[in-house]
Amino acid sequence: MYIVSILSIIIPSAVTVLGFFISYKQNKKYIETEVLKNKKIQMSSKGLEVIDKAVVLVDFKKVSQLNDIELSDLVNSILIYGTNDAVKILSDFMQFNYKYSQSEKISVAEKSYKLLAYVALLIAQIKYDNSGEIINPLDILKIRLNDFHKNKNLVNQITANIKKIVEELDLKKEFIKVIK
């Protein structure tokens, strides 16, 4: 009898503790999933804001009017909300800019081709990060440069620079594949 009364106390208690433990684990997993979903939604909306800010880099009228604070804000947004690949492109872009901004080692045309390649690739990367779509980086430039296809040298130089950047930074090879 004594064992039966002890078991009648221990078994329900053990089942209750086990049920509590299982409920705790399930709720913890559910909460973590919900937090992750909310984080992704927030990052996605911030990513769209970054795209809006980054598009100014291709608008040649607006980019010349950017002040240091606006440029710093854009760089910080990409650093905070960009993926590893976007930050790699940005950091390489900024290093190129620092290194050759006042240098006469390369021509103005070469600088322009390389800068356009960085900008196109950066915007294409941010778009990919937020939508999962890989777009041709040259299409971004075609939108803003109305004589893009008239200048084959421009197209060839920018294409070569994009390919070189993708290879050097070990970015998605799909960016090269979509270039026609």
Side-chain angles (χ1 to χ4, degrees), residues 1-59 62-63 66 68-98 115 117-141 143 161-180:
M1 271 295 191
Y2 180 69
I3 292 178
V4 172
S5 66
I6 289 178
L7 288 176
S8 68
I9 294 172
I10 292 176
I11 291 175
S13 298
V15 169
T16 302
V17 169
L18 183 65
F20 175 76
F21 181 73
I22 290 170
S23 292
Y24 172 77
K25 288 289 187 180
Q26 286 177 336
N27 285 337
K28 184 178 176 186
K29 191 178 237 181
Y30 174 75
I31 289 171
E32 287 172 353
T33 304
E34 287 301 311
V35 167
L36 192 60
K37 274 189 212 174
N38 287 337
K39 209 177 211 180
K40 283 183 179 181
I41 290 169
Q42 187 178 19
M43 292 298 281
S44 179
S45 69
K46 290 294 184 181
L48 294 174
E49 289 176 27
V50 171
I51 289 172
D52 287 343
K53 290 179 183 180
V55 168
V56 76
L57 294 173
V58 187
D59 190 335
K62 289 183 182 177
V63 79
L66 271 181
D68 290 342
I69 294 171
E70 291 169 327
L71 184 60
S72 179
D73 185 39
L74 172 60
V75 168
N76 288 337
S77 293
I78 294 171
L79 281 172
I80 293 169
Y81 301 110
T83 61
N84 187 40
D85 286 346
V87 172
K88 281 196 290 189
I89 296 166
L90 176 66
S91 65
D92 210 47
F93 168 68
M94 296 303 281
Q95 285 301 305
F96 176 82
N97 226 0
Y98 299 143
L115 290 173
Y118 275 118
V119 168
L121 201 50
L122 182 59
I123 293 172
Q125 180 65 50
I126 293 170
K127 172 136 174 84
Y128 171 75
D129 295 341
N130 288 285
S131 70
E133 288 183 57
I134 292 192
I135 60 170
N136 184 342
L138 295 177
D139 287 343
I140 294 164
L141 298 176
I143 293 168
N161 280 317
I162 289 172
K163 289 178 180 179
K164 185 177 178 187
I165 294 166
V166 168
E167 292 297 325
E168 286 176 354
L169 300 180
D170 195 30
L171 302 173
K172 296 198 176 356
K173 305 299 182 239
E174 287 82 0
F175 287 121
I176 295 174
K177 292 177 185 174
V178 295
I179 296 175
K180 295 170 184 126

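Along the sequence shown, residues carry numbers from 1. Basis for what follows: all heavy atoms, side chains included, without hydrogens, waters or symmetry-related copies.
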>> Rounded at 0.5 Å granularity, tell me how far CD1 in Ile3 sits from OG in Ser8.
In response: 12.0 Å
> Would you find more than 12 non-hydrogen atoms of other residues, nucleotides or ligands less than 6.0 Å from Lys88 atom NZ?
Replying inline: yes
> For Ala120 and Pro137, which heavy atoms make the closest approach, and how far apart are they?
Replying inline: CB-O, 3.3 Å
> Are the side chain of Asn76 and the backbone of Ser72 linked by a donor-acceptor contact shorter than 3.5 Å?
Replying inline: yes
> What's the shortest heavy-atom distance between Val166 and Lys173, and which atoms?
Replying inline: O-NZ, 4.1 Å
> What is the minimum heavy-atom distance between Ser13 and Ile9, and which atoms define it?
Replying inline: OG-O, 2.8 Å
> Out of curiosity, Ile126 CD1 to Leu121 CG, how far, rounded to the nearest 0.5 Å?
Replying inline: 10.0 Å
> If you round to the nearest 0.5 Å, how far is CG of Leu169 from CZ of Phe175?
Replying inline: 11.5 Å
>> What's the separation between atom CG in Leu90 and atom CD1 in Ile78, rounded to the nearest 0.5 Å?
In response: 5.0 Å
>> Tell me whether Lys164 at atom NZ has more than 12 heavy atoms from other residues, nucleotides or ligands lying less than 6.0 Å away.
In response: no
> Is the shortest heavy-atom distance from the side chain of Ile140 to the side chain of Val119 under 4.5 Å?
Replying inline: no
> Under the side-chain contact (heavy atoms from CB on, under 4.5 Å) criterion, do Val178 and Ile135 qualify, and how do the steps go?
Replying inline: CA-CA 7 Å; Val178 295; Ile135 60 170; over 6 Å; no
> Going from CD on Glu34 to CG on Asn27, what distance comes out if it is rounded to the nearest 0.5 angstrom?
Replying inline: 11.5 Å
> Measuring from Asp92:CG to Leu171:CG, what's the distance to the nearest 0.5 Å?
Replying inline: 9.0 Å
> With respect to Leu122, which candidate in Ile89, Val87, Ile165 satisfies the side-chain contact (heavy atoms from CB on, under 4.5 Å) definition?
Replying inline: Ile89
